[in-house]
Amino acid sequence: MSARLRITPPADYLFRRDCCSYGYFLLAPNVWDPATRTLTRPFLLPGGRAHAQIAQPSDAPGGAVTARVDRDLDVADRAALRRQIRRMLNLDDAGVAGFHRADRRWRRAGRGRLFRSPTVFEDLIKTVTSCNVAWPSTITMNRRLCEVIEPAFPAPGQLARRRPQTLRSRCGVGYRDRRIVDLARLITSGRLDMQWLEDPATPDEDAHRALLDLPGIGPYAAGNMMQLLGRYGYLAVDTETIRHGRAVLGFAGSDRAVEKRVRAHYDRFGAHRFRSYWFELWAHYEAKHGPAWTWEPRTTGTQFTAAKLNSD
DNA sequence: GGTAGACCTGGACGC
DNA sequence: GCGTCCAGGTCTACC
C-alpha cells in the first residue's frame, strides 16, 4: 500500500540546492540523504501520519518533484500533503525574480528559495529551540520532541496538553519548557492566529510586532520567523551575524557597532535583506565544506553553524 | 533607554 | 572521570 505524489515546481527549482538552503533541513523529523539526494520525513495528514520520501528524479532545474508515501492517500490527505510540501520547499515564493533584480550575485547560481517547515508552528518551535544554544543542542531538542511527543513533529494541541516539566526532563529543552507550552496554548486558544501571520495581506510591521509579543521570541527569533513567513525585509541578528560582519565584511569595533554597520550594509537590498545576508553566509559555509546537499547529517550537519565551521 | 544577571544544556578544557 | 568554564538569545529587575 503506497501512493505517489507529483508536484510541478517553478522552472528554476533545483531540489538539492533549494532544499538544503537553511539549517532546518538537518533537524528532526527531516532526514536528508546525500547519497540519494532525498528528504524523508513523516507528515501529519487528516487521515493520520504518513511517511514521504521527496526527491527530484531528473536532478535538473524545473524537474518534477515526487513524493513516495508509505500508505494510500485519500483526496484530503493528498491535498494536505501537497500543501505542506509546497510550503516546506517554498515553491510558491513569487519574490525570487525580484530578489535577483535586487541582488544580482545570486541570479546565475539560482539561489533564492529558503527551506522551511511544513507548518508555521514547527518553524516557531524550531526557532525557539535554536535560541541561546549551540547547534548540537538544537538538533537534540528537535529529535527528542519527535521521539517523545510526535514523530511527525508535535502539533500545537499535543504540546498544549503537556506539562512544561515533561518537556524539560524528557526533551531537554531546559528553561524553554514553559515558553513552548505557552506558545502552543496561545494557538489552541485562538489568541495567536498563524494564518494571519502568514497572510500576505498582513503588513510586515504588524506581523513583526506580534511575533515580538510572543513568549520566547526576541529580536533574533522574530527576525528569523519573518523570513520563515516569507517576509525577507528583516535581518535575524545573532552572534553569527556579528562574526560574519567582522570576518567577511571587514567591520571592526564593538558588537553593537558591528551590528549597526551590518544593518546599514544590507539596507540596500530592501525587502530582500535577509536573503542577501543569508546566501552570503551560506556561500561562506559551502566554500569551506562543499555544497550543503553533500553534507552528512551526522558529521558536517551537526556543526554547520558559527564557530565550528569557521574555525576549520 | 540601557545594562546586568539569571536561565539551561552540552562541549571544551584542565586536572 | 570529575569539576569548571563558556557560548548562546530572551527576560526581568534595576538604574
Side-chain angles (χ1 to χ4, degrees), chain A residues 22-24 26-28 121-149 154 159 162-187 191-192 197 207-229 234-247 253-263 273-274 277-278 281-282 284-285 289 296-312:
Chain A
Y22 193 68
Y24 289 4
L26 293 162
L27 295 180
F121 182 69
E122 185 174 327
D123 276 338
L124 188 61
I125 300 305
K126 280 180 158 54
T127 296
V128 170
T129 63
S130 74
C131 287
N132 194 29
V133 74
W135 183 245
S137 293
T138 302
I139 292 175
T140 302
M141 285 185 232
N142 281 274
R143 179 171 47 78
R144 290 194 190 158
L145 282 168
C146 294
E147 288 171 353
V148 174
I149 312 290
L159 286 176
R162 293 287 175 158
R163 290 183 304 123
Q165 185 56 38
T166 304
L167 299 185
R168 179 182 294 230
S169 60
R170 300 187 61 196
C171 303
V173 301
Y175 66 87
R176 301 163 195 79
D177 56 354
R178 166 61 64 185
R179 297 171 187 178
I180 288 172
V181 171
D182 285 348
L183 282 169
R185 289 177 181 168
L186 280 172
I187 293 166
R191 284 176 288 163
L192 174 59
L197 277 178
H208 190 241
R209 208 175 304 119
L211 288 166
L212 284 170
D213 278 344
L214 297 176
I217 304 296
Y220 162 76
N224 194 50
M225 279 306 297
M226 288 296 280
Q227 67 91 2
L228 291 163
L229 290 165
Y234 292 71
L235 291 182
V237 175
D238 59 5
T239 51
E240 183 60 356
T241 315
I242 304 303
R243 203 177 343 256
H244 183 73
R246 288 204 172 93
S254 66
D255 286 2
R256 180 180 288 262
V258 172
E259 177 180 344
K260 200 172 175 183
R261 292 195 64 183
V262 167
R263 289 190 181 281
R273 284 180 184 87
F274 186 86
Y277 158 69
W278 184 257
L281 200 68
W282 206 244
H284 184 63
Y285 294 159
H289 295 274
E296 288 290 341
R298 289 179 186 279
T299 54
T300 309
T302 66
Q303 53 174 297
F304 90 100
T305 52
K308 281 197 172 183
L309 269 182
N310 289 326
S311 65
D312 287 349

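No side-chain heavy atom of A:Glu259 sits under 4.5 Å from any side-chain heavy atom of A:Thr241. Taking the side chain as every heavy atom from C-beta outward, A:Leu186 and A:Pro215 approach each other to under 4.5 Å. No side-chain heavy atom of A:Leu229 sits less than 4.5 Å from a side-chain heavy atom of A:Asp123.
Each of C:dT10, B:dG10, C:dG8 was ranked by its minimum atom distance to the side chain of A:Ser137; first place goes to B:dG10. Which of B:dC7, B:dT3, C:dT10 sits closest to the side chain of A:Arg256 comes down to B:dT3. Listed candidates were B:dG10, C:dT10, C:dG9. Nearest to the side chain of A:Thr140 is B:dG10.
Between A:Arg144 atom CZ and B:dT9 atom P the separation is 9 Å, expressed in whole Å. Distance, A:Arg143 CZ to B:dT9 C1': 14 Å, rounded to whole Å. Residue A:Asp177 contributes atom CG, which lies 13 Å from atom C1' of B:dT9 at whole-angstrom precision. Rounded to an integer number of Å, the gap from A:Asp255 CG to C:dA7 C1' is 13 Å. When the P atom of C:dT10 is taken as reference, atom CD1 of A:Ile180 falls 14 Å away, rounded to whole Å. Distance CG (A:Asn142) to P (B:dG10): 14 Å, rounded to an integer number of Å. Taking atom CD1 on A:Ile217 and atom C1' on C:dT12, their separation rounds to 17 Å, with Å as the unit. Note: CH2 (A:Trp135) to P (C:dG9) measures 13 Å, nearest angstrom.
Of the side-chain N and O atoms in A:Arg168, one or more sit less than 4.0 angstrom from OP1 or OP2 of B:dC8. OP1 and OP2 of C:dG8 both lie 4.0 Å or more from every side-chain N or O belonging to A:Ser130. Residue A:Arg243 places at least one side-chain N or O closer than 4.0 Å to OP1 or OP2 of C:dG8.
With respect to the salt-bridge test (charged N to carboxylate O, under 4.0 angstrom), the residues A:Asp255 and A:Arg246 qualify. Using a cut-off of 4.0 Å between Lys/Arg side-chain N and Asp/Glu carboxylate O, A:Arg144 and A:Glu147 are scored as not salt-bridged.
As judged by a 4.0 angstrom heavy-atom cut-off over every strand, A:Leu214 is placed among residues touching the sugar-phosphate backbone only.
Judged by distance alone, with hydrogens and angles left aside, A:Tyr175 brings a side-chain donor or acceptor within reach of the base of C:dG9, the pair sitting under 3.5 Å.
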